[in-house]
Structures are given as C-alpha cells and as structure tokens.
Amino acid sequence: MHDAPQISPEHKHVTRDVVAQLPKVLLHDHLESGLRGLKGDPAAAIAALQSPEAVEQAVREACEDLLADGVVYAELRISPELYTEQGMTMRRAVDAAVAGLDVPGIDARLILTAMRHLDAVAEVAQLTVDTYGGADGPIVGFDLAGPEEGNALSEHAEALRLLRENWIPTTLHAGSQAGVESIAEAVQLGAVRLGHGVRVFDDFGVDLEGIRPGQVSSWIRDRHIALELCPSMEVRMGVSEQLADHPLVLLQQLGFTCTVNTGDRSERTLTDEFMDLVDTFDYGLEELFDITLKAIQNSFCDEETRQRILETQILPAYEELADDELTEPGEGAE
Ligand SMILES: [Zn+2]
C-alpha cells in the first residue's frame with residue numbers, strides 16, 4: 001500500500017502551472033463534447049462522427065488533448081448509437097474508437113454510453129457485453145445518459161440485469177436533473193458509480209447535531225459509491241447558482257467518495273476545474289491529491305493498473321512538490 005504524501009498545510013498554495021502538470025484522473029467525459037473545433041456544438045460533433053476514420057481520429061485527439069492537460073488515466077464515454085446515421089454499425093464505431101486510444105503517455109479506456117430516451121439501450125448493453133475484455137481491456141464499462149426526467153431507469157431494468165450478470169461495471173447518470181429517487185433507482189439497478197449524483201443532498205436532513213444523511217444517501221456514503229461530480233457543469237445545469245454554493249465540500253466533509261470531472265470539455269479542462277477548486281474553496285495539494293486518489297481507486301480498470309498509476313505517476317509527482325514546498329527559499333536549498 002501507499003502512504004499519502006506529506007504536505008504541510010501552511011504550504012498549500014498552488015499555481016495554475018503546478019495544477020496543469022499534476023497527474024490527473026478523469027472518470028466522466030463525453031467524446032462528443034470535446035471535439036476540436038466543435039466544442040459546445042454537440043449536433044455538429046455527432047454529424048462529424050459518422051465514419052470509422054472520424055471516430056478514431058476524434059478519440060485520438062481527445063486523448064492528446066487530455067494528455068496535454070496532465071490527465072494520465074481517462075475513461076472516455078462514447079455513444080455508438082449516435083454514430084450510425086450514415087450506416088456505420090455500432091460495432092465498427094467501437095472498434096474504431098478503440099484504435100484511437102493508442103496515444104502514448106495516457107492510459108485511456110472507453111465507457112459505452114446508451115441514451116435512456118432513445119431505443120438502442122438493449123443493443124448497446126449487448127455490445128458492451130460482447131466487447132468487454134475484462135478490466136484490463138480498452139472497454140471498461142457501461143453508462144446510461146440522456147434526460148432523467150420522464151425516462152426512468154427502471155424501463156431499462158432488463159438491459160441492466162444483462163450487464164450485472166456479465167460482471168460489467170456500470171455507472172449511471174442520476175441525480176443531476178432528477179433528485180434522490182433517481183439515485184436510489186440507479187444503485188438498486190446495479191450502478192457502482194454515479195454520473196453526477198450531486199443531488200444526493202436532497203436526502204439530507206438537519207437536526208440539533210447538524211446535517212444528517214438519510215437512508216439512500218447513507219447507503220451511498222457508507223458503501224463508498226463514488227460520485228462523478230462535474231462542478232462547473234452542474235452549476236450550468238442549475239444545481240447551485242454559483243460554484244461557491246456547490247455541495248462538493250459538504251459532501252466531502254460528510255464522508256462521501258467524491259471525484260471531480262469535466263463532464264463535458266466544451267468549456268472547461270480538468271485543469272480549469274481544479275483551478276476553480278483552488279480559487280473558490282482554497283484547495284491545496286492535499287485536497288487535489290485526495291480527489292485524484294479517489295478517482296483512480298474508483299476507476300473501472302483492474303487493481304494492478306490502479307496501483308501502478310498511483311505508485312509510478314501520481315505519488316511521485318505529489319511527493320516531489322511536497323518536498324519543494326517544505327523547503328523555504330534560501331533554507332536548506334544549497
Ligand atoms: Zn455525462
């Protein structure tokens with residue numbers, strides 16, 4: 001096992017240059033949201049992803065962009081059903097996406113996302129079963145996205161059962177638009193992580209002792225079910241008026257397993273997200289390390305890979321910075 005790097009609380013100030021270079025882990029990001037030249041235009045991005053060559057290139061460029069942002073491990077979500085408008089099969093799209101993962105310096109994997117309001121959920125679930133090669137393969141899990149309101153996860157209970165029976169890790173979008181009932185449903189249907197999950201706070205009560213999680217939120221916390229929080233995106237979605245009111249810090253204080261993600265890269269990189277935390281919540285290296293540790297520990301790859309990334313990339317980088325920080329200028333630095 002590892003030791004947390006020793007970071008002195010007095011020396012917590014981090015600059016953007018430092019954050020940009022920190023080894024980061026990204027668990028929630030959609031390919032369509034970050035296409036070069038088409039950021040913020042998902043319709044145009046989908047129109048551009050209708051051939052194997054385009055899908056492969058887009059995945060490769062996403063990996064390059066993430067690597068340039070200091071991301072050392074990423075689970076990129078692709079939505080193969082959206083790439084079939086000109087006749088490409090979903091299987092062909094997935095194979096092309098896998099081919100684009102070959103960027104040295106970043107360990108990138110794919111999560112297959114199905115759209116809960118469209119009609120290909122069962123097919124994408126089956127495709128995930130067919131292409132999943134175990135936790136050391138390029139495809140590491142399944143996800144359901146799309147509008148939460150009016151599209152209950154229970155409508156897809158059969159597809160989710162197939163995934164459970166085949167030991168496919170599943171993360172479901174829940175608790176960003178709809179409230180805690182969507183989170184409860186996601187966990188009962190087998191989600192081992194929650195896409196956003198931020199509205200878990202709807203389940204909190206207050207008594208004389210302070211804020212108390214209810215039955216569902218206690219379960220999420222006590223079972224260490226990771227929340228894939230995407231703070232700036234969640235502010236845009238109306239979870240809070242501004243970042244300073246986002247419940248991230250409260251959730252961490254209450255003991256929830258919180259990861260921080262871009263969700264979509266139309267506006268923000270992961271470095272931007274981290275700098276938001278530094279600027280808004282006074283996060284330092286210790287807090288950024290905690291988020292990164294939670295992310296790699298809850299990634300869908302195998303435990304050997306997680307430990308290798310932690311021990312060979314994440315810990316050495318933080319330890320080096322911690323050493324620098326502990327050495328005041330002109331003090332012991334000859
Ligand atoms: Zn998402």
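Whatever order the structure lists ligands and atoms in, that order sets their numbers, starting from 1.
- Of the charged side-chain nitrogens involved, none lies within less than 4.0 Å of a carboxylate oxygen, so that R212 and D203 do not count as a salt-bridged pair.
- Residue side and main chain included, C230 places no N/O/S atom under 2.8 Å of the Zn ion (ligand 1).
- The stretch residues 96-113 participates, sequence neighbours left out, in these salt bridge (Lys or Arg N to Asp or Glu O under 4.0 Å) pairs: R60-D102, D107-R109.
- The minimum heavy-atom distance between P23 and T292, with the atom names listed, is O-CG2, 3.6 Å.
- The Zn ion (ligand 1) is closest to atom NE2 of H173 (considering only N, O or S atoms).
- Checked by atom type and distance alone, the side chain of R199 pairs as donor or acceptor with a backbone atom of S176 at under 3.5 Å.
- For a distance bound of 2.8 Å, the N, O or S atoms of H196 include none lying that close to the Zn ion (ligand 1).
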